[in-house]
Amino acid sequence: MVRRPPTIVCYICGREYGTKSISIHEPQCLKKWHNENNLLPKELRRPEPKKPEVRTITAKGFYDLDGLNEAAWTSARSQLVPCNVCGRTFLPDRLIVHQRSCKPKAAK
């Protein structure tokens, strides 16, 4: 059985990164998040995402990666904004693009 290397979910974008890469990715991702957030209209701007605190360390001295990843994924999902027409959720910058083509369902 082939075992995948351990990965950590970014709390900002929700993507998976290797345990060595995440410390490089997070500052760059946060900087990109700030740049994109500043370009949004004021009503769509979001507060800065906070890094989730998961301190559970197993008996072997390792962090609980599953708990850490679950908290990071929840944090990334909490940044999604629902469309006021169809209810689907999007990142704020993508919501603007979606709303251009989203049409209310016609009553049958």
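Two residues are said to be in side-chain contact when any heavy atoms from C-beta on lie closer than 4.5 Å; H25 and R15 fail this criterion. Side-chain contact between T89 and V81 is absent, with no heavy-atom pair separated by less than 4.5 Å. A heavy-atom distance below 4.5 Å is found between the side chains of C86 and H98.
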Validation: residues 41-50 side-chain donor-acceptor distances under 3.5 Å, sequence neighbours left out:
unit_1, atom_1, unit_2, atom_2, d
R45, NE, N37, O, 3.4
R45, NE, L40, O, 3.0
R45, NH2, N38, O, 3.0
R45, NH2, L40, O, 3.2
R46, NH2, S78, O, 3.3
E48, OE1, H34, NE2, 3.0

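With hydrogens and angles disregarded, no donor-acceptor distance shorter than 3.5 Å links the side chain of S21 to the backbone of Y17.
Side-chain heavy atoms closer than 4.5 Å link hydrophobic residues (I, L, V, M, F, W, Y) into clusters, and following such links, even through other members, never connects L80 to F90.
In this structure, OG in S101 is found 9.5 Å from CD in Q99, a value given to the nearest 0.5 Å. The distance from atom CZ of R94 to atom SG of C83, rounded to the nearest 0.5 Å, is 13.5 Å. In this structure, the separation between NZ on K51 and OG on S75 is 10.5 Å, given to the nearest 0.5 Å. Going from atom CG of L39 over to atom CD1 of I96 covers 9.5 Å, rounded to the nearest 0.5 Å.
Across P82 and L95, no two heavy atoms sit closer than the pair O-CD2, 4.2 Å. Of all the heavy atoms in C10 and A76, the pair that sits closest is O-CB, 4.1 Å.
Cluster partners of V9, by chain and number: W73. The rule joins Ile, Leu, Val, Met, Phe, Trp and Tyr whenever side-chain heavy atoms lie under 4.5 Å apart. Side-chain heavy-atom separations under 4.5 angstrom define the hydrophobic clusters, and the remaining members of the one that includes Y11 are I12, L30, W33.
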